[in-house]
Protein chains: 4
Amino acid sequence: MDESKAPRPRRGRYRDPQAHAAVLRAARELVAELGYHKVTMERIAARAGVAKMTLYRWWPNKAAVITEAVTDQLAPGPQPDTGSVREDAGAHVTDLVRTLTLLGDPSVVAGALVERGEAGRAELRDLLVAWREPGAALLRRGIARGELPAALDIGAVIDSWLGYALYRVVFLESAPTEADLAGLVDALPYTRRKA
Amino acid sequence: MDESKAPRPRRGRYRDPQAHAAVLRAARELVAELGYHKVTMERIAARAGVAKMTLYRWWPNKAAVITEAVTDQLAPGPQPDTGSVREDAGAHVTDLVRTLTLLGDPSVVAGALVERGEAGRAELRDLLVAWREPGAALLRRGIARGELPAALDIGAVIDSWLGYALYRVVFLESAPTEADLAGLVDALPYTRRKA
Amino acid sequence: MDESKAPRPRRGRYRDPQAHAAVLRAARELVAELGYHKVTMERIAARAGVAKMTLYRWWPNKAAVITEAVTDQLAPGPQPDTGSVREDAGAHVTDLVRTLTLLGDPSVVAGALVERGEAGRAELRDLLVAWREPGAALLRRGIARGELPAALDIGAVIDSWLGYALYRVVFLESAPTEADLAGLVDALPYTRRKA
Amino acid sequence: MDESKAPRPRRGRYRDPQAHAAVLRAARELVAELGYHKVTMERIAARAGVAKMTLYRWWPNKAAVITEAVTDQLAPGPQPDTGSVREDAGAHVTDLVRTLTLLGDPSVVAGALVERGEAGRAELRDLLVAWREPGAALLRRGIARGELPAALDIGAVIDSWLGYALYRVVFLESAPTEADLAGLVDALPYTRRKA
DNA sequence: AATTAACCGAGACGGTACGTCACGTCTTTAA
DNA sequence: TTAAAGACGTGACGTACCGTCTCGGTTAATT
């Protein structure tokens, strides 16, 4: 009687993966159009052609939806190895800023913090961890090449870069120029003078 | 002297300074006790013994009240001149971190951004400008003394410090240790090796 | 048969009939206890064990709730046919006055007018229309029986009765006595002297 | 020795009669323009060029201001004696309706009831008493002339007229036509058939 | 003339209720 | 068996008027 293990021809509607995607897309669009705090679950549901209940089935709350919707876009691209710390670092911070700028509304990040407390913080941390490793790598290469002193506090440098980018893009909403980023990169304690 | 600015003698009852102060105090207390997002206008009004209407007469919304309430505490203290950039900078960033930590709930800062948009950003900018000048001064002294290269991008360094502090304290809610800050300061491109 | 009115099959949770009834009951009770203008939406909601939002979902404002709450009680009872206009009319106006008196607070009626304008007026009109027909019927019977002149302006008589009752009960808040009502009924232009 | 009733000689500035008049005029205008319940003390004060405090110095509340503002216009004019009850009564009710119609917004009357309770009722009663006497007089003349039966309940007739007018003008906001009023007057129990 | 009481304008204040918004939960029906 | 449609409790929001209470300034009658 029971065919529960069979390649089961089942009744009812199948869980729709398109709906899932539609939700994330709707969330992204709405954030870009209205800014974080005018986006509501109701609106996301409407735009995605989905019931509000469905949102709450898959995400605990609004900030979670938006965070996920936006997270994909925040992963770092491949980091080149040019043989020069200065150039690698320049490319790295430029990519970081470009990525953060890409969020329609920078307060998305702030929103995750206000409304999600520890959870939001954790998610943010995870997200930014992805950016720490490539940065650390290029600095290590620089030390190995003798461009930077062996005693350099890699963590501190990386955090100051992340902080700088978040500060300019998210807090001040005035993205740094190429020159600003060059200044930042130039402030590393190179063992040799600039060419 | 200029007469035109003579404070036009005004009519009507004066704004009650006690009420104003009570509101700010109440806001500070509540943020510390409940955390940013459990503070409501209603609660602030009740604690301050003030009508809710009075809050809205003087501040556009909750974030504005709290921002102002908290701003006083965020001004930098006097910055010492020890004759060593390394030490001055160490004291500076330590003071900065200590000050930011002093907010009961770091998401206050994030709240100002999410709920006040441009206005919140402006206020934050003004607030942080007060920290820029002392930092710039100590860097200029270092350059003058030959401790730092003349080409140093002072703005970039300062912003990376501010960013670092905000990132650690507000975003990650994991305040940097003394060692972390030492690492940050050590990453400056000193013209001479550390003693 | 007409298909167009077929109750389009709808989805979603049904409107809770108990909540609806509880609201009306609460409104009736509160009006009786506190008088019209001390009744608030908040209080109605609390008493009914219902969210304030639910009130505003189904009624535009306080006056609307109370009007509906009170309307049920204002329908005329069955009107007897005694064969005598004088007696029918007496019973009719007595019933009318008794019904209006039954509102705990007469200013309910005034409230509907002040706060709801045209809508309130419409509702009141509908409500009173129910009283017009029985009155007209008894007058027509009287005319048919030759007790009243054929030329009698039935509408005018009815409106003067309604007006009289409202005026005494609602405006003056001094309900007419049996004698007063007898005087009113006696002022009809009977074709025959009183027995 | 004691002259306590003497118009005690007083010091200080006198009450400004222009301000007083301006208030009443403003109130009348605003009622006509906005309708009773959109008139606020603030608006009256602004329109009259007067401080809100001044309003509360002289009137206990909004309904009182408006009631007084409107009362002047509600006194009955001189009532003619044509020698015919039918004609006198017609003129009387016509005048009554015209006067009530003259209020820009009929809900003024209702407003006095809702917001002033017993006090409002008393004022209204006083106001309408002025209309009772002329009506009673014309009915008495009719009885004296033998046009109406001696047993007529004069009070009931007058109240039904007042009620009718209020009902039509204030409650239904559909003023009676000449024909309606003729019907009303015709429904009196004349001892002789109409000519 | 100086004093002083009563008025007036402006306007800030405590308070009550309003009507709205979005959240997150729960229920019913259609697919 | 899933999800759409949608009603619900909850809690805070920001607004509107109310009626009260100072302020500074303006008349006038009293000293």
Side-chain angles (χ1 to χ4, degrees), chain A residues 8 10-16 19 37-43 45-46 49-63 115, chain B residues 9-20 37-43 45-46 48-62 115, chain C residues 9-17 19-20 37-43 45 49-62 115, chain D residues 9-16 18-19 37-43 45-46 48-62 115:
Chain A
R8 83 193 165 77
R10 35 159 289 181
R11 273 218 276 197
R13 187 183 281 190
Y14 291 99
R15 170 166 169 172
D16 186 354
H37 98 285
K38 292 205 146 183
V39 177
T40 68
M41 291 300 249
E42 216 98 33
R43 270 194 258 262
V50 144
K52 192 162 53 134
M53 198 48 228
T54 302
L55 294 188
Y56 284 103
R57 237 189 300 275
W58 294 340
W59 294 274
N61 53 45
K62 166 178 144 182
E115 285 168 35
Chain B
R10 35 150 295 165
R11 279 211 270 209
R13 185 177 184 168
Y14 291 142
R15 173 170 177 177
D16 182 349
Q18 296 196 349
H20 191 258
H37 97 285
K38 292 206 145 184
V39 177
T40 64
M41 290 300 246
E42 216 99 34
R43 267 194 262 260
V50 144
K52 190 162 52 133
M53 204 36 233
T54 299
L55 294 188
Y56 286 105
R57 242 191 290 274
W58 301 113
W59 294 276
N61 52 44
K62 167 177 136 183
E115 286 166 36
Chain C
R10 37 150 290 168
R11 267 203 283 209
R13 186 176 182 169
Y14 289 144
R15 174 172 177 177
D16 182 348
H20 191 258
H37 97 283
K38 293 205 144 186
V39 178
T40 63
M41 291 299 249
E42 214 99 33
R43 268 195 261 263
V50 146
K52 187 163 56 132
M53 209 30 240
T54 299
L55 294 189
Y56 285 104
R57 248 190 283 271
W58 302 111
W59 294 274
N61 52 45
K62 168 178 136 183
E115 287 167 37
Chain D
R10 36 151 293 169
R11 227 142 38 147
R13 183 179 184 168
Y14 288 139
R15 172 173 177 176
D16 182 349
Q18 296 194 350
H37 99 285
K38 293 205 146 183
V39 177
T40 68
M41 290 301 246
E42 216 99 32
R43 270 194 260 262
V50 143
K52 190 160 56 133
M53 196 51 230
T54 301
L55 294 188
Y56 285 104
R57 242 191 292 274
W58 301 111
W59 294 274
N61 53 45
K62 166 178 144 182
E115 286 168 35

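In what follows, chains are A, B, ... by sequence order, proteins preceding strands, each numbered from 1. This one's a predicted model, so the numbers in the text were calculated from it and none came from an experiment.
- Here the straight-line distance linking atom CG of A:Asn61 with atom CG of A:Leu55 works out to 11.0 Å at 0.5 Å rounding.
- Minimum interatomic distance between B:Ala19 and B:Val50 (heavy atoms only, all atoms of both residues): CB-CG2, 3.9 Å.
- C:Trp58 places its CH2 atom 15 Å from the C1' atom of F:dG9, with the value rounded to the nearest Å.
- Comparing D:Tyr56 and C:Pro17 along DNA chain F, the residue whose closest nucleotide (by nearest heavy atom) sits nearer the 5' end is C:Pro17.
- Rounded to whole Å, the distance from CZ on B:Arg57 to P on F:dC17 is 14 Å.
- In this entry the distance linking NZ of A:Lys38 with P of F:dC13 reads 17 Å, nearest Å.
- Residue-to-nucleotide contacts include a donor-acceptor pair under 3.5 Å from the side chain of B:Arg13 to the base of F:dC21.
- Contacts of C:Tyr14 with the nucleic acid, taken as non-hydrogen atoms under 4.0 Å apart, involve only primed sugar atoms and P, OP1 or OP2.
- A straight line from NE2 of D:His37 to C1' of E:dA17 spans 14 Å, rounded to a whole angstrom.
- OP1 and OP2 of F:dT22 both lie 4.0 Å or more from every side-chain N or O belonging to B:Arg15.
- Spacing between atom CH2 of A:Trp59 and atom C1' of E:dT25 amounts to 18 Å, rounded to whole angstrom units.
- Dashed line: the shortest gap from a side-chain N or O of A:Thr54 to OP1 or OP2 of F:dA3 is not under 4.0 Å.
- Between D:Val39 and D:Lys62 the shortest heavy-atom distance is O-NZ, 3.0 Å.
- For the pair A:Lys62 NZ and E:dA22 P, the computed distance is 9 Å after rounding to whole Å.
- Evaluation of atom-type donor-acceptor distances gives no pair under 3.5 Å for the side chain of B:Lys52 against the base of E:dG14.
- Spacing between atom CG of B:Asp16 and atom P of F:dT22 amounts to 11 Å, rounded to whole angstrom units.
- The CG-P distance, from A:Leu55 to F:dG6, rounds to 16 Å in whole Å.
- Across D:Arg57, D:Arg43, D:Glu42, a single residue satisfies side chain to side chain contact (heavy atoms under 4.5 Å, CB included) together with D:Lys52, and that is D:Glu42.
- Tested against C:His20 for a ring pair (Phe, Tyr, Trp, His ring centres under 6.0 Å), the candidates C:Tyr14, C:Trp58, C:Trp59 yield a single pass: C:Trp59.
- When the nearest nucleotides of DNA chain F are assigned to B:Met53 and C:Val50 by heavy-atom distance, the more 5′-ward of the two goes with C:Val50.
- Within the nucleic acid shown, C:Met41 comes within 4.0 Å of sugar-phosphate atoms alone, with no base atom in reach, counting heavy atoms only.
- OP1 or OP2 of F:dC17 has at least one side-chain nitrogen or oxygen of D:Arg43 nearer than 4.0 Å.
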